[in-house]
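Report on one structure; see the data block that follows.
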Amino acid sequence: MESLLVLTLISSIWVFLAGSACCQRPAVVNIGAVFTFDSIIGRAAKVAMEAAVSDVNADPSILNGTRLNLIMADTHCNVLLGSIRAFQVLEKDVVAIVGPQSSVVAHMVLQIANHLQVPLISYAATDPTLSALQFPFFLRTTQSDAYQMTAMAELIDFYEWKEVIIIFVDDDYGRNGMSTLTDELDKKMFKVSYKLPLPSQLNLSEITDMLNKSKLLGPRVYVVHVNPDPRLSIFKIAHQLDMMTSDYVWLATDWLSSTLDSILPVHQTSLNILQGVVVLRQYTPESSQKTTLWSRLRKMLPEDSRNSSMNVHALSAYDTIQVVARAIDKFLNGGRSISFSLKNKFHDLNTSRMPWGKLKIFDDGALLLSILLQANFTGLSGRIEFNSDRNIVSRGYEVINIDRTGLRRVGYWSNGTGFTIQSPEALKQKRITYTHLNQTLGNVTWPGGKTERPRGWVIADNERPLIIGVPRRVSFIEFVTAVNGSHKNIQGYCIDLFNEARKLVPYDVPYRFIPFGNGYSNPSYDDLVKNIANGIFDAAVGDIAIVTNRTKVVDFSQPFASTGLVIVAPITNSKSNAWVFLKPFTVEMWCVTSASFFMIGAVIWLLEHRVNDDFRGPPKRQLVTVILFSFSTLFKTNQEVTISPLGRMVMVMWLFLLMVITSSYTASLTSILTVQQLSSPIKGLEDLITKEQPIGYQVGSFAFSYLTESLYLPRSRLVPLGSPEEYESALLKGPFKRGGVAAIIDELPYMELFLSGRNDFGMIGQPFTKSGWGFAFQRGSPLAVDISTAILKLSENGKLQKIHEKWFCKMGCPGERRRKPEPNQLHLVSFWGLYLLCGAFSLVCLFIFLFRIVRQFARYIRQQKESSHAELVSSNSNSNWTQVVYKFFDFVDEKEEAIKRLFSKA
């Protein structure tokens with residue numbers, strides 16, 4: 001019984017002691033720091049981390065008696081050494097690693113940290129790809145370059161530059177940052193024209209060679225994304241190469257602001273070199289704690305570095321130690337113990353040269369990682385809070401402009417507001433809501449000391465002038481040609497126009513004309529355009545038609561001349577003849593008009609015959625009266641006067657009709673007698689196509705492709721012609737002789753010039769295509785827009801017309817020799833309403849007249865029967881009807897007065 005009690009007491013004591021040992025906080029917790037001691041970032045980060053560890057160990061509210069031990073290892077900015085130093089640190093049972101500062105070293109060290117489940121927290125590695133799922137144990141307290149490249153892309157968009165050149169260090173940090181910037185610019189439809197990689201160890205000769213080559217490129221906006229460089233090698237060489245002038249734009253990521261912040265005060269020589277550079281700097285809010293820390297850290301620097309200053313990475317390094325310490329404290333407060341396990345693949349390796357077997361897995365590394373991700377407090381660098389990608393929530397960037405006086409802040413950028421001149425804290429306090437539509441920045445001093453926004457590109461310079469192709473025409477040389485094939489003696493209407501337009505472009509454009517063509521025939525303009533698309537020419541100046549297939553490969557300026565395809569054919573001048581007076585009316589119109597004269601004469605005779613002595617008499621006289629009365633009204637020579645109301649009403653309507661007809665006839669006849677009548681066997685395009693006759697076209701013109709591809713004319717019908725003389729010869733031969741053509745199809749300006757001294761040919765109809773002439777440029781060339789603006793100005797101020805008159809109006813401007821259409825004859829359809837109205841009115845009056853006559857005749861018949869008291873009986877009804885008709889005509893022939901007397905006697 002006593003033995004049982006002793007065993008129970010011993011077991012209880014053992015369990016108590018074991019539990020106490022398990023829950024006891026360790027005296028020391030090791031964390032590692034892997035970075036480059038002797039570097040711009042490393043020097044500041046080293047003293048910042050030492051200060052942070054000192055503050056943590058002095059603060060009883062953190063770790064509560066457990067001392068935080070920082071084990072630092074120098075990577076010497078080398079991937080291999082960095083990996084070895086990381087192994088050495090991990091052997092010492094560290095629960096987390098702070099660093100590395102280099103994204104390149106981080107990629108290697110993370111492979112080890114992930115396997116050993118040791119969280120790695122960097123205060124300077126900004127490579128966006130480090131946030132990938134491949135590295136679940138990676139966190140950073142600095143802002144990812146994903147944010148910085150978004151800010152840089154929006155800065156380029158803010159100043160409306162369309163193309164940039166990126167200079168980057170050729171490692172993981174530089175390539176991935178450049179790739180992120182390229183993606184952001186693609187979203188905005190901007191272009192990275194050239195990417196210029198540099199080795200990690202900057203070589204002055206390579207930088208010089210690279211920048212010299214870039215001077216030959218068009219864009220002048222440079223984005224520099226390299227490692228911190230206290231020597232400012234790139235900018236010094238750029239200054240020596242005259243690349244820090246007003247033509248250039250230099251933008252830099254936060255590597256430059258970190259460099260300059262670390263060497264303050266910046267020497268005046270460096271400021272002169274960097275004048276006009278715009279750089280981003282990670283934003284950190286101002287606070288008294290921050291100012292105090294700056295002073296404290298500066299005192300902790302070595303004697304030879306006391307004059308140096310701090311950069312933003314020192315604050316991030318200080319906050320990183322605070323994050324790790326708080327997470328460890330929370331981990332220990334949760335009753336967890338720090339333990340490591342040898343169960344890993346490295347332990348199974350049998351090698352005496354490398355200490356693989358000493359590497360241990362941190363058993364609760366995943367738990368500590370989750371606690372780290374829950375961090376939420378305000379540090380010296382700003383708000384410490386991680387997002388789903390394990391990146392610190394973006395605090396934004398400052399936009400810094402460097403001028404001769406130093407670094408000058410011109411604004412801020414944040415993901416939510418874009419560019420503003422107020423800090424993010426100020427916007428939050430004032431509750432001001434900004435959108436990307438009202439972004440603003442302060443005034444910037446650009447390279448060269450100018451405050452006007454640089455264009456950001458240069459078309460050409462004296463070392464590389466613009467190569468402009470010029471068609472070497474052998475016909476219609478008034479438009480453009482190379483005299484004697486020399487590039488120094490190129491002249492013509494298009495050349496003068498280009499030179500005048502170039503004077504209105506607000507910058508200098510060195511150029512050189514290169515003749516295109518063999519000098520024996522007109523060159524192919526499609527080939528000229530292809531040479532621009534292939535980069536042989538930068539542009540082309542000449543009489544280049546703007547057509548669809550060409551606009552797909554090059555950009556055109558505003559058209560400086562309207563053009564289109566026209567038909568030119570032989571014409572004859574139709575002289576006036578003896579029967580020209582018949583031309584105003586068509587046959588139908590003449591017939592209806594003549595019939596109207598007789599009809600009106602008959603109607604007036606019927607209405608006037610019973611009351612007007614002028615319309616009575618022998619039958620021959622009355623027939624002449626019917627025929628001549630209407631015609632006499634035409635010349636106002638009629639002796640007869642209408643008396644009856646119905647007759648006068650018909651006469652008024654007839655005179656109105658006659659007035660309209662005679663005035664229209666007079667106008668048409670006048671036009672026929674005064675306008676020159678040109679006629680041609682070709683009536684238009686459709687007529688030319690259906691006649692199956694040969695058609696001429698100009699060699700090199702787009703007319704050939706249009707006729708074959710759009711109108712589907714067989715090539716056998718098309719005859720190439722190279723000069724105005726060949727045009728004339730082919731047209732005179734006609735379509736039935738060898739080498740002759742029925743017509744020529746060419747562009748309007750050529751045909752106007754061809755017809756200016758020739759009277760035997762003319763244009764048939766109007767242009768059946770609409771286009772224009774313009775200057776051609778490579779796709780995306782900004783010069784195309786500026787030349788277009790200049791052409792519009794020339795058109796508005798009248799110089800465009802003056803240049804045209806200089807070349808084409810020496811002997812009088814070439815008038816449009818289009819075939820004038822014959823004056824339209826007057827057709828019945830134009831007057832049928834008037835004729836219908838007159839006819840209907842006459843029939844109504846005639847109906848009223850007949851109605852009155854029938855009533856009078858009926859009364860007359862009744863009166864005859866009553867007075868005679870005799871029945872007129874006939875055995876034959878037809879003879880009775882015949883007598884009534886005869887009596888009716890006799891009654892109608894009687895005068896109105898006689899009938900009235902007869903009725904009055906009754």
Side-chain angles (χ1 to χ4, degrees), residues 471 473-476 479 517 520-530 542-553 561-572 678-755 758 760-773 816-819 821:
R473 296 192 60 87
V474 296
S475 64
F476 300 109
F479 293 103
Y520 299 102
S521 63
N522 293 330
S524 169
Y525 281 62
D526 285 338
D527 291 343
L528 175 61
V529 171
K530 289 178 183 177
D543 47 344
I544 307 170
I546 304 173
V547 293
T548 304
N549 64 325
R550 296 174 183 173
T551 59
K552 294 178 181 178
V553 295
S562 298
T563 182
L565 293 178
V566 295
I567 301 172
V568 170
I571 58 174
T572 57
L678 302 178
S679 62
S680 171
I682 305 298
K683 304 302 181 184
L685 181 62
E686 293 183 2
D687 182 51
L688 181 61
I689 294 174
T690 57
K691 284 190 174 181
E692 300 290 335
Q693 293 177 346
I695 301 173
Y697 70 93
Q698 183 182 174
V699 175
S701 170
F702 82 95
F704 177 79
S705 59
Y706 180 83
L707 294 174
T708 56
E709 298 173 9
S710 297
L711 299 183
Y712 306 104
L713 292 177
R715 300 186 177 211
S716 58
R717 287 187 60 188
L718 304 180
V719 180
L721 303 172
S723 66
E725 292 74 19
E726 292 184 13
Y727 283 15
E728 184 174 14
S729 175
L731 288 172
L732 291 176
K733 288 180 181 179
F736 304 109
K737 291 184 180 180
R738 184 179 181 83
V741 296
I744 295 174
I745 293 180
D746 203 352
E747 294 179 71
L748 178 62
Y750 300 129
M751 293 295 92
E752 287 184 340
L753 194 59
F754 168 72
L755 295 174
R758 295 171 174 86
D760 296 332
F761 314 105
M763 294 185 194
I764 310 301
Q766 303 293 324
F768 54 88
T769 65
K770 295 291 184 181
S771 62
W773 284 351
E816 291 189 356
R817 297 280 300 174
R818 296 184 180 90
R819 173 176 170 256

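Keep in mind it's a predicted model, so treat the numbers as computed, not measured.
Counting heavy atoms of neighbouring residues, nucleotides and ligands inside a 6.0 Å radius, atom NZ of Lys691 exceeds 12 of them.
The list of ring pair (Phe, Tyr, Trp, His ring centres under 6.0 Å) pairs with a residue in residues 703-724, not counting sequence neighbours, reads Tyr697-Phe704.
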* **Worked verdict on Lys530 versus Val553 for side chain to side chain contact (heavy atoms under 4.5 Å, CB included)** => CA-CA 8 Å; Lys530 289 178 183 177; Val553 295; 5.9 Å; no

* Given Met751 and Tyr727, is the side chain to side chain contact (heavy atoms under 4.5 Å, CB included) satisfied, shown in steps? -> CA-CA 10 Å; Met751 293 295 92; Tyr727 283 15; 3.0 Å; yes

* To do: Start with the C-alpha gap between Leu713 and Ile689, add the side-chain angles, then the distance that decides, and say whether side chain to side chain contact (heavy atoms under 4.5 Å, CB included) holds.
  => CA-CA 8 Å; Leu713 292 177; Ile689 294 174; 4.0 Å; yes

* To do: Determine, stepwise, if the pair Leu688 / Ile745 fulfils side chain to side chain contact (heavy atoms under 4.5 Å, CB included).
  => CA-CA 10 Å; Leu688 181 61; Ile745 293 180; 4.0 Å; yes

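With hydrogens and angles disregarded, a donor-acceptor distance shorter than 3.5 Å links the side chain of Thr690 to the backbone of Glu686. A donor-acceptor pair is defined here as one N or O able to donate and one able to accept, closer than 3.5 Å; no such pair exists between the side chain of Ser701 and the backbone of Gln698. Arg473 places no side-chain N or O within donor-acceptor distance of the main-chain N or O of Phe479, the cut-off being under 3.5 Å. Checked by atom type and distance alone, the side chain of Ser475 pairs as donor or acceptor with a backbone atom of Gly722 at under 3.5 Å.
When all heavy atoms of Pro523 and Gly517 are compared, the pair lying nearest together is CB-CA, 4.0 Å. Scanning both residues, Ala569 and Ile764, for their nearest heavy atoms gives CB-CG1, 4.0 Å. Across Val719 and Pro694, no two heavy atoms sit closer than the pair CG2-CB, 4.1 Å. The minimum heavy-atom distance between Lys733 and Gly740, with the atom names listed, is CB-CA, 3.7 Å. When all heavy atoms of Glu728 and Arg758 are compared, the closest pair comes out as OE1-NE, 3.2 Å. Pairing each heavy atom of Ala742 with each of Pro570, the nearest pair is O-CD, 3.7 Å.
No side-chain donor from either of Asp526 and Ser705 sits under 3.5 Å from a side-chain acceptor of the other.
Within the 4.5 Å cutoff, the side chain of Ile744 has no heavy atoms near those of the Ile567 side chain. Proximity of Phe754 to Val568: side-chain heavy atoms (C-beta onward) are separated by under 4.5 Å at one or more points. Residues Pro767 and Leu565 form no side-chain contact, since every pair of their non-hydrogen atoms from C-beta on lies 4.5 Å or further apart.
Interatomic distance, CG of Asp760 versus CG of Leu731, reported as 10.0 Å (0.5 Å rounding). Here the straight-line distance linking atom CG of Leu748 with atom CD of Gln766 works out to 9.5 Å at 0.5 Å rounding. Once rounded to the nearest 0.5 Å, the distance linking CG of Asp746 with CG of Leu721 reads 9.0 Å. Taking CD of Gln693 as the reference point, atom CG of Asp687 lies at 8.5 Å (rounded to 0.5 Å).
Every side-chain contact (heavy atoms from CB on, under 4.5 Å) that Ala545 has, sequence neighbours left out, goes to Val547, Arg550, Phe702, Glu747, Trp773.
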